[in-house]
Amino acid sequence: MTNKIDKVIELDHVVIRFSGDSGDGMQLTGTLFSDTSALMGSGIATFPDYPAEIRAPQGTVGGVSGFQVHFGYDINTPGDYADVLVAMNPAALKANAKWTKLGGSIIIDRDAFTAKNLEKAGYKTQDPITEDNLGRFNIISAPISSMTQETLKETGMDNKTILRSKNMFALGMCYYLFNRELTFTEQFFEKKFKKVPAVIEANKMVLKAGFNYGYNVQELTPYKVAAAEIAHGTYRNINGNTATAWGLVAAAEKANLPLFCGSYPITPATDILHELSYLKNLGVKTFQAEDEIGGITSAIGASFAGSFAVTTTSGPGLALKSEAIGLAVITELPLVIVNVQRGGPSTGLPTKTEQSDLLQALYGRNGESPVAVIAASTPSNCFHYAFEASKIALEHMTPVILLTDGFLANGTQPWRIPDMDDYPTIHPPIAKEGTENYKPYQRNPENLVRSWAIPGTPGLEHRIGGLEKMDKTGTVSYVPENHQVMTDLREEKVARIVADIPDLEVIGNDEADLLVIGWGGTYGHLLTAVHDLQKEAKSISLAHFNYIKPLPANTRDVLKKFKKIVVAEINNGQFASYLRSVFPEFTYLQYNKVMGLPFTSIELVDNFNKILEEK
Amino acid sequence: MTNKIDKVIELDHVVIRFSGDSGDGMQLTGTLFSDTSALMGSGIATFPDYPAEIRAPQGTVGGVSGFQVHFGYDINTPGDYADVLVAMNPAALKANAKWTKLGGSIIIDRDAFTAKNLEKAGYKTQDPITEDNLGRFNIISAPISSMTQETLKETGMDNKTILRSKNMFALGMCYYLFNRELTFTEQFFEKKFKKVPAVIEANKMVLKAGFNYGYNVQELTPYKVAAAEIAHGTYRNINGNTATAWGLVAAAEKANLPLFCGSYPITPATDILHELSYLKNLGVKTFQAEDEIGGITSAIGASFAGSFAVTTTSGPGLALKSEAIGLAVITELPLVIVNVQRGGPSTGLPTKTEQSDLLQALYGRNGESPVAVIAASTPSNCFHYAFEASKIALEHMTPVILLTDGFLANGTQPWRIPDMDDYPTIHPPIAKEGTENYKPYQRNPENLVRSWAIPGTPGLEHRIGGLEKMDKTGTVSYVPENHQVMTDLREEKVARIVADIPDLEVIGNDEADLLVIGWGGTYGHLLTAVHDLQKEAKSISLAHFNYIKPLPANTRDVLKKFKKIVVAEINNGQFASYLRSVFPEFTYLQYNKVMGLPFTSIELVDNFNKILEEK
Amino acid sequence: MAAEVKLTFKDFKSDQEVRWCAGCGDHAILNSVQKAMAEMGVPKEKFAVIAGIGCSSRFPYYMNTYGFHTIHGRGAAIASGAKTANPDLSVWVVNGDGDGLAIGGNHFIHLNRRNINLNLLLFNNEIYGLTKGQYSPTTKEGTKTKTSPFGTIEHPFNPGELVLGAQGKYFARSIDVNMKLTQEILIDAHNHKGTSIVEILQNCVIFSDNVHGFYTDKENKLDRQLVLRHGEKMIFGTNNDKGLVLDGLKLKVVTIGENGVTDDDILVHDAHEESPFLHWMLINMKGPDFPVALGVIRSVEDTVYEEKLEAQIASVKASSPIKNMNDLLRSGSTWTV
Amino acid sequence: MAAEVKLTFKDFKSDQEVRWCAGCGDHAILNSVQKAMAEMGVPKEKFAVIAGIGCSSRFPYYMNTYGFHTIHGRGAAIASGAKTANPDLSVWVVNGDGDGLAIGGNHFIHLNRRNINLNLLLFNNEIYGLTKGQYSPTTKEGTKTKTSPFGTIEHPFNPGELVLGAQGKYFARSIDVNMKLTQEILIDAHNHKGTSIVEILQNCVIFSDNVHGFYTDKENKLDRQLVLRHGEKMIFGTNNDKGLVLDGLKLKVVTIGENGVTDDDILVHDAHEESPFLHWMLINMKGPDFPVALGVIRSVEDTVYEEKLEAQIASVKASSPIKNMNDLLRSGSTWTV
Ligand SMILES: Cc1ncc(C[n+]2csc(CCOP(=O)(O)OP(=O)(O)O)c2C)c(N)n1
Ligand SMILES: Cc1ncc(C[n+]2csc(CCOP(=O)(O)OP(=O)(O)O)c2C)c(N)n1
Ligand code: SF4
Ligand code: SF4
Ligand SMILES: [Mg+2]
Ligand SMILES: [Mg+2]
């Protein structure tokens, strides 16, 4: 092997994108690659890119499924452009070549490039390389299908079954290319196909054949990718939706309350409901309601009845829930509303990511109707912010909207498994049996939180509802002055949550020419861009928000130390708009993009450079 | 009469408030007083103040019904405090004394102040005057019930029937007091009771008896109230809800399209639906849906099918409609959504007024989902703004939210009847049969409006829907760049409506120390307060907004000429917040009140004075 | 579990002034509910009374139990969540005909389908009371109301039919003024496991006065009401001589003693019969040819949503090695650095 | 009015690529609809095809008519508005079982109650297809899906029963693969005045494959399907020797020629019978004891919402002196200064 090693390309981090037909098993291939890399000590971020919601006819661009893995040192995003693209058929090439770095490599399954497949993919000629000007890339045309057939020809398996493992050939090639060990994947085969040893063997053979092919073919220059500096601990891969579901369950455990989730399926939030439905072993109750309104109102009922209640949805579902959120506001019941943002308006781009539900979360209800709003910023910290949202809801007796997005929801990251003993106990203000003269709207003078008398508790019988309530007693009141008092109390109660949230952190210097502001799912890309510029000694820092209402206590102090501020969002400037209304004294530049896609760090770097250069 | 005339009190304008039990006919009494005054040339504004939605037991404070009339010269509001309060029973006195001007007169029906009634009203003693310190008012204690009985004792009517006309006795007293003619009211009796001459006679007798009682009793000093400068023309009284309904019908006529209203009853918007249900003579179709979602979606269906479609609601209903509004946004179908604001959050104070749905109207939807927002500012100009909202919706192919509120909806004003010939024709961009190569999302380059091909038109068959649309062709598109293009086009299309809306007007000097900014239903009170201060030569002007999105083209130019700006709203500062996001360069002070009540001009004057004095 | 509870209807009266119109049928229903609850042997704190918005939906405020006056149409959904989360509660939903069948219609049918063990009282006054007189989904066709000044053009629902169509297992009907019957039904509904729908014909003196007058009319009510009791014959009438028989696939009113009809010919009410056909016919009976059917018309045992959920949780818990969050976090594929 | 139109199914194909999974039942239904529409004698531009959201709801994109792909659950409500506003259109709603009966359940029942003259096709695959496999309100109890990993605990709706419970006048049932029957039914639904609900048993090859397999099974389908036609006997079976008779209040399958059963004993289908009892039983038939009922099960004439509305408008217009806005403005109390 030595003769090849000296040609190794050394890189800090690498992006590889597997793409093929929906049936080609690209999600599994990508996951196996990413797991192996994680186990070998790389930092990892992945992003699956499913076809639009209906399965398109085989072989067409609409039917292409992709899975991108970014690995190496200091990984914060799944990467902008691929160093290596694997394209299992012409449609995959058509769809993904534009996501490959100039000079990057494209591995294609030459056997799949038949006239028919080329036509299905929308190529007009038999020569896609020329037609789409792909000469800019290093094209590695491998006979993946036929080599797979060759490898397994003596197993007696039928051709269809044989071809189903061609993705393992491609994976083997990539393992060679990036010097990955085969053992983890082999172990996976052993576990997964325990009952059919022949399949274990076949998969191993093909994987190995792919690896050997890479080794034997001169075209492939292997890479050496830097390892990450990884803290000691036990890790797992997790995506945002699972992390969110688990964060909610963790909060229920720490609050010692049963978890109830009333929900209705909607992309890209449904997986949270799926996950919670499985977790009956932890006593989770899921109620798949007839619609989103039934989802949130059943949750409000469960909250009234003493459970920790949540509802999960995406944009259009949040719109449907808006009236009921108002009920939770006025009755001051704990409730977490998870909104996994997607492209809008209306049904919009349901499988794509966007940050355009922020103003809806803040203002999308009748009347003065304040709720707390929190946003997660990485797939794995969805766990943390789901836990935080729950803690705030339960301890402050308020609905909390947790915003994630399609990018976080489906993206994965290795996550150092926390120990629940390190998490704080949650203390909901439950009124005890025997409380004398219980008044449902009597408040804790410090945080203005009312106490929660749970039906079934003798002596605390009381009524709540959606009409304006008399201060303290909670009876219906039409008294004008009381309405002002209660309106102010509700606002102030949410404002005082600030005491329980951490200060805003600045990444970089506390004073600089430019402060980049972001919130939610753009964290990884903003961080990468800002780091890159800091490495070039540019005067730039990042302040990324997870707490949106209320904003961290030190926000004004942070903002005032910067010459310029730019707010970067995957929408038309909603957070910028909100900041203007809260801190009108600062000037906010904007960088916005509404394409259903995450930022690329490259475009961010370009834009921030421009701002830094402008006088 | 001369010996009394010299004691006349001369006033520019007077507020009189009729109050009594729900069954005492106060709404009719007030209406008759107001009609007479209007016919005699006074300016008028009225406001009914119903009991909360459930009829409370007779005689209790909860069951009090009131009707306030403000008349005289330069009338812009129903008035803050009453010069004269009529209280037909102790509960009415209990509820309304606080709304009487210090030194004002209170007429009570002494016969109704029995021990039982006093107790029902919540008085603890037999002497309400002392108990509630009413000596500050000029109390006129009249034996209204017994005089009514006396007057009609020879008619042979039974006592219950006789007492039903005691409100006419009180009205007669007020007619004396304000020197009003009896003829209009007498004519009303003649028309209303055409079939029962005895009732006509009885009512006339009681009215006259009340008038004479006033004349004979020394306690009553008559007022002389200035007449208004009223333009020539034919007038009628109109409230905001009727004016809104009529404005919509007028627009349909001018667009030559059938009007379809899909709606669901909700206070205080239901009267619009009632009115439209009657207007079958003008071909209006009303569809009382199963809920608010059915209301708006049936309207969207009607719009798709080629009608001019509207939906009417109040706050919680707007919340329920928010998802569907997004569909109208992305399909670019014309639709007017009337939202009569009431006290929130949640069910809140359903019969009270508020301006707290502004941010919901602007932002209460998923995704980047721009709609035009317009607000009426007087009961009668609800007609004009309903017409304008319709015209914009139809000519710009967009949903438009028209905001009114409980105060405008139920308040009445004399209104000079317009001639429909003076109203512009509305030109919806309907695609003609024979259009070659029709593309549903092809736009008029000037205003970016797409054209409307109505089902039934041969050759223009096409599909629209809630998924992102390809520019021009309107087919489903997941192309990232197209999403950006369409997002920008939708925003820009709404922005270009600005070409069709008038500039913002300044009432007062274009430059001054203080600019008062208001929007919607607070107009009358703000105008009164600003006028009062201008009369004192204070450097203050008013800019009142009816067009909220887009804002008038000259807004920035108007704002920049003032030293200070204060935004006064019946909410926690929603318009101020919006202005900060659009014109962050100005500093906005706020004056807010959330009591379910309109401003009083007195509090406004106080507050503006304070701002003017502050350095 | 709980000690024997001795309560009286007074224990169920809250301190709030009752604000319905004088003469409104809701007053009588409130009394019936308070009296019936006192008899149920359930401690007061276990009752949760949940309503939407409407005149009728003010109900929780007047009950000295846990109560929730929610938003229009959502009572059934909120109650579904409350009962599923906390099966220990005795959950009662109060719905108007608009609240329950117009805006709340979807929750209503799905509640029936799921068969959650709660009780829903539908106050049917055939009008929107609170918003002052618009037609509702139960308003008879042709009725003039504020939104149908020339008469409605919509066929009304028959709530009982909708229950059957939605897989409902329990339906009973009473009349506001018949407080004894109402109480009897409420106790039966309480004892029934599964969703119990109780329609109560209610008079709105203001906007639909006398809408049930044909049946409640003092003179004729015995001839116009048939009170059904499981296992008893379907006999009614001032002289107790009228009864129902089957004539092919249709019901027929006969007079005992006439045309050779004897007691034995009269149908016996079987509320427990799963097949809904006869219940359907009973629910559908209308004057003047038929009496209105009152009482527990259908009461069929079936599996109950929240019990199945608890059972599923128990069985998964028993077999899963994952007992808490720490276990879950460490389950599946992990690696250690 | 319109000249005789000669159309073929090709006229109804749009230029959009059909994107359902290979083998999805929706393909067959699309063909059936296109063929049936070509036979209706209605000009193409008069068709409006309206859908909610779901796999099935992609339907309008593939039809070269006016089409509207709306939002989840609202197809029926949007179509109600479209038809009421523009009665001249032939309006077709496409609903999935989730779209139509979960989130859209309320519009579905109210549409039936109002009897608006439009046609609603319910593609029943007993699953949420588009969101990748959660249970729906028609999923059989116990089914494992993504949201019921241990089996559902909910009783499903039977769409036909729900139609009956909601005062529905028309219900038919077909199966995706039986394109001839589907076409026959569609044309009948088109001709029926009032709301026509057509349930189509549809196979989702991905998430609920073979869910109707018991009935569609090639070998046995003749024994497991009963195709009903008004006025014809309820006979089925491979040898055409099975039939339905009434046994008390229940249906029974008999074999002609056995136990003395003759042709004459077999029930004759009366789709026009107003009373829903027999229709109910037919709708309810389930294997293995009974065949599934297909065809037009119920088709009862009644007054139609939008016709009554037009009539009311015409009569008010005829008698009102107010003919336009200027008249209205000057009506009632006015005064002149
Ligand atoms: C979302 C919403 N829509 C509409 C209303 C207005 N509203 C309140 S009660 C009601 C109907 C009341 O009728 P019903 O349910 O029959 O109760 P009743 O008053 O007759 O007892 C309506 C339409 C509301 N409060 N909220
Ligand atoms: C308001 C809203 N809620 C949820 C969704 C997600 N959603 C889309 S289709 C669908 C259900 C699809 O099932 P079905 O109606 O049976 O149609 P099928 O795909 O099976 O044809 C759901 C839940 C949505 N698009 N909008
Ligand atoms: S309006 Fe009718 S339903 Fe409402 S409280 Fe009065 S009588 Fe009862
Ligand atoms: S997922 Fe199922 S319903 Fe959807 S297109 Fe595929 S086969 Fe058809
Ligand atoms: Mg009612
Ligand atoms: Mg389905």
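Since we're looking at a predicted model, the values are computed, not measured. Each chain gets a letter, A, B and so on, in the order its sequence line appears, and its residues count up from 1.
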A.B. asks: Less than 4.5 Å to any heavy atom of chain B: does that hold for the side chain of A/Glu368, its backbone, both, or neither?
C.D. replies: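 For A/Glu368, the contact with chain B is made by backbone and side chain together.
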
A.B. asks: Does the side chain of A/Lys98 come within less than 4.5 Å of A/Tyr81's, by heavy atoms?
C.D. replies: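 A/Tyr81 vs A/Lys98: side chains apart.
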
A.B. asks: Considering only heavy atoms and a distance below 4.5 Å, find which of A/Asn366, A/Val329, A/Leu597, A/Leu320 pairs most often with chain B.
C.D. replies: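 If we count pairs closer than 4.5 Å to chain B, A/Asn366 comes out on top.
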
A.B. asks: Would you mind telling me which of B/Asn572, B/Ile330, B/Leu579 has the largest number of heavy-atom pairs within less than 4.5 Å of chain A?
C.D. replies: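 Among B/Asn572, B/Ile330, B/Leu579, the one with the most close pairs to chain A is B/Asn572.
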
A.B. asks: Salt bridge or not between B/Arg342 and A/Glu468? Use side-chain N to carboxylate O under 4.0 Å.
C.D. replies: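 No, this pair does not count.
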
A.B. asks: Among A/Gly344, A/Ser346, A/Ser356, which has the most heavy-atom pairs under 4.5 Å with chain B?
C.D. replies: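 Looking at each option in turn, the highest pair count goes to A/Ser346.
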
A.B. asks: Based on non-hydrogen pairs under 4.5 Å, which of A/Lys593, A/Lys352, A/Gln574 is most in contact with chain B?
C.D. replies: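 Of A/Lys593, A/Lys352, A/Gln574, A/Gln574 has the most heavy-atom pairs under 4.5 Å with chain B.
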
A.B. asks: Which region of B/Leu362, side chain (C-beta onward) or backbone (N, CA, C, O), has a non-hydrogen atom less than 4.5 Å from a non-hydrogen atom of chain A, or is it both or neither?
C.D. replies: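 Neither part.
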
A.B. asks: Taking every non-hydrogen pair under 4.5 Å, which of A/Ala319, A/Ala328, A/Pro480 racks up the most with chain B?
C.D. replies: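 Looking at each of A/Ala319, A/Ala328, A/Pro480 in turn, A/Pro480 comes out on top.
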
A.B. asks: Can you say whether A/Ser477 sits under 4.5 Å from chain B via the side chain, the backbone, both, or neither, judging by heavy atoms?
C.D. replies: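 Backbone of A/Ser477 only, per the 4.5 Å heavy-atom cut-off to chain B.
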
A.B. asks: Could you tell me which of A/Ala576, A/Pro345, A/Gly364, A/Gly326 has the largest number of non-hydrogen atom pairs under 4.5 Å with chain B?
C.D. replies: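 Result: the option with the highest number of such pairs is A/Pro345.
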
A.B. asks: Using 4.0 Å as the upper bound for N to carboxylate O, is an ion pair formed by B/Lys493 and B/Glu332?
C.D. replies: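 Salt bridge: yes.
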
A.B. asks: Can you list the steps and then say if B/Thr311 with B/Lys321 is a side-chain hydrogen bond (donor to acceptor under 3.5 Å, both in side chains)?
C.D. replies: CA-CA 9 Å; B/Thr311 186; B/Lys321 290 175 201 283; 2.8 Å; yes

A.B. asks: Most heavy-atom pairs under 4.5 angstrom with chain A, which of B/Ala361, B/Ala324, B/Gly348, B/Ser369?
C.D. replies: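 Most heavy-atom pairs within the cutoff with chain A belong to B/Gly348.
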
A.B. asks: Quick check: do A/Tyr264 and A/Glu290 have side-chain heavy atoms less than 4.5 Å from each other?
C.D. replies: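 In short, these two side chains do not touch, never coming nearer than 4.5 Å.
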
A.B. asks: Sort out for me which of B/Gly315, B/Gly573, B/Pro316 touches chain A most, counting heavy-atom pairs under 4.5 Å.
C.D. replies: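 With the most close heavy-atom pairs to chain A, the winner is B/Pro316.
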
A.B. asks: If you tally heavy-atom pairs under 4.5 Å against chain A, which of B/Glu354, B/Glu585, B/Gln360 wins?
C.D. replies: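 Option with the top pair count is B/Gln360.
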
A.B. asks: Under the side chain to side chain contact (heavy atoms under 4.5 Å, CB included) criterion, do B/Thr331 and B/Tyr441 qualify, and how do the steps go?
C.D. replies: CA-CA 9 Å; B/Thr331 54; B/Tyr441 284 74; 4.1 Å; yes

A.B. asks: When heavy-atom pairs shorter than 4.5 Å are enumerated against chain B, which of A/Ile325, A/Asn571, A/Val479 gives the highest number?
C.D. replies: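 So the answer, after comparing A/Ile325, A/Asn571, A/Val479, is A/Asn571.
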
A.B. asks: Can you say whether A/Leu358 sits under 4.5 Å from chain B via the side chain, the backbone, both, or neither, judging by heavy atoms?
C.D. replies: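 Neither part.
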
A.B. asks: Tell me, out of B/Ser581, B/Gly596, B/Pro584, who's got the most heavy-atom pairs with chain A below 4.5 Å.
C.D. replies: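 That would be B/Ser581.
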
A.B. asks: Only one of A/Glu491, A/Met486, A/Gln484 clears side-chain contact (heavy atoms from CB on, under 4.5 Å) with A/Asp488; which?
C.D. replies: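 With A/Asp488 as partner, A/Glu491, A/Met486, A/Gln484 yield a single side-chain contact (heavy atoms from CB on, under 4.5 Å), made by A/Gln484.
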
A.B. asks: Taking the side chain as everything from C-beta on, heavy atoms only, tell me whether B/Ile337 gets closer than 4.5 Å to B/Leu335.
C.D. replies: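 In short, these two side chains touch, coming nearer than 4.5 Å.
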
A.B. asks: Using a 4.5 Å cut-off on heavy atoms from C-beta on, say whether the side chain of A/Arg490 contacts that of A/Thr398.
C.D. replies: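 No, their side chains stay 4.5 Å or more apart.
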
A.B. asks: Would you check if A/Asn339 and A/Thr404 make a side-chain contact, meaning some heavy-atom pair closer than 4.5 Å?
C.D. replies: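 SC-SC contact between A/Asn339 and A/Thr404 ruled out.
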
A.B. asks: Please flag which part of A/Leu318 lies under 4.5 Å from any non-hydrogen atom of chain B: side chain, backbone, both or neither.
C.D. replies: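 Interface part for A/Leu318: neither.
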
